[in-house]
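Worksheet: the structure to be examined is printed underneath.
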Amino acid sequence: MAAPPPRVLTIAGSDSGGCSGAPADLRTFAAYGVHGLCVLTAVTAQSAAEVRAVEPLGPDLVRQQLETAEEIGIEAIKIGMLADAATVEVVANWLERLPPTPAVLDPVLRSTSGTVLLDREAVPALVERLLPQLLLVTPNLFEAEALSGMTINGLEEARDAARRIERMGPSVLVTGGHGYPAAAGSNGGTAGSGGEVTDLLFDGNRFEAFVHPRIRTRWRRGTGCTLSAAVAAGLGWHLPLQEAVRRAVAFVERALRGSYPLGRSGGQGTLDPMAGRRGRR
Ligand code: PXL
């Protein structure tokens with residue numbers, strides 16, 4: 001019998017359209033060759049264009065999924081949509097009792113179309129109970145603003161926000177894909193609307209900037225989910241954090257190059273974590 005591959009858990013919501021959340025995480029895990037465990041926090045109904053319904057599964061069912069996942073064994077964890085404060089509490093309580101395991105949080109607050117995916121009143125629990133237990137949090141610019149309580153107009157402010165968030169516990173990867181406001185001077189211009197994206201990693205000691213070409217595609221649903229899942233998968237393979245992030249950024253670039261349209265109009269679509277790996281067997 002073969003030895004099992006690393007076991008990596010996603011704690012996330014289901015996206016019926018298969019673009020974001022747990023479906024994106026599991027595709028990413030498959031591409032990395034790890035065994036993906038899947039604890040669902042909520043079910044969402046999504047067309048290519050919008051989130052039409054969101055139903056949290058509730059703390060009891062989440063807790064039972066976590067306990068059974070633990071019995072199977074877990075080398076690394078990715079956390080995405082948590083829906084509400086009760087779910088945040090269950091995950092935080094469970095992590096406290098788990099033997100130390102590297103965990104990455106994509107602090108999902110809203111969908112791209114604006115649907116609330118984490119209740120506002122759950123944010124303090126996220127900061128106080130969950131962040132101190134994590135190895136890495138991967139906010140985009142809007143999430144970094146919400147967590148740090150400051151406005152970010154350029155790379156210097158992104159650094160300040162990362163410093164503030166790091167004091168809450170984890171290393172921080174501020175992703176630059178949404179772009180800094182164009183008027184924010186040369187830093188903002190470089191990181192945002194131009195031909196490059198800068199993702200900033202701060203581990204409490206030093207900053208590392210991951211600069212990569214901006215892939216011009218409208219079909220980018222699931223990008224944040226895929227990035228954080230890819231970091232967790234790399235950690236599952238026992239890569240050091242910097243190396244796991246470096247490879248995850250390259251992985252997302254390739255997935256964006258392989259992005260494809262979905263839905264009737266084709267105006268929406270997703271990146272492809274399985275880019276280059278699909279086909280008839
Ligand atoms: O991209 C954030 C996200 C995460 N998880 C689920 C989602 C979304 C965005 O729509 O639906 C389940």
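Indexing begins at 1, ligand by ligand and atom by atom, following the structure's order.
E243 pairs by the side chain to side chain donor-acceptor pair (under 3.5 Å) definition with R246, R247, not counting sequence neighbours. For T87, the side chain to side chain donor-acceptor pair (under 3.5 Å) partners at least two apart in sequence or on another chain are D84. For E89, the side chain to side chain donor-acceptor pair (under 3.5 Å) partners at least two apart in sequence or on another chain are R129.
Of the possible polar contacts, one joining the Q133 side chain to the E96 backbone as a donor-acceptor pair under 3.5 Å is found.
A distance limit of 4.0 angstrom between heavy atoms and ligand 1 selects the residues G13, S14, S20, G21, Q46, M81, V108, S111, L117, C225.
Taken from CG in L37 to CD1 in I11, the straight-line distance is 10.0 Å, to the nearest 0.5 Å.
For the pair R159 and F207, the cation-pi test (distance below 6.0 Å, angle within 45°) is passed.
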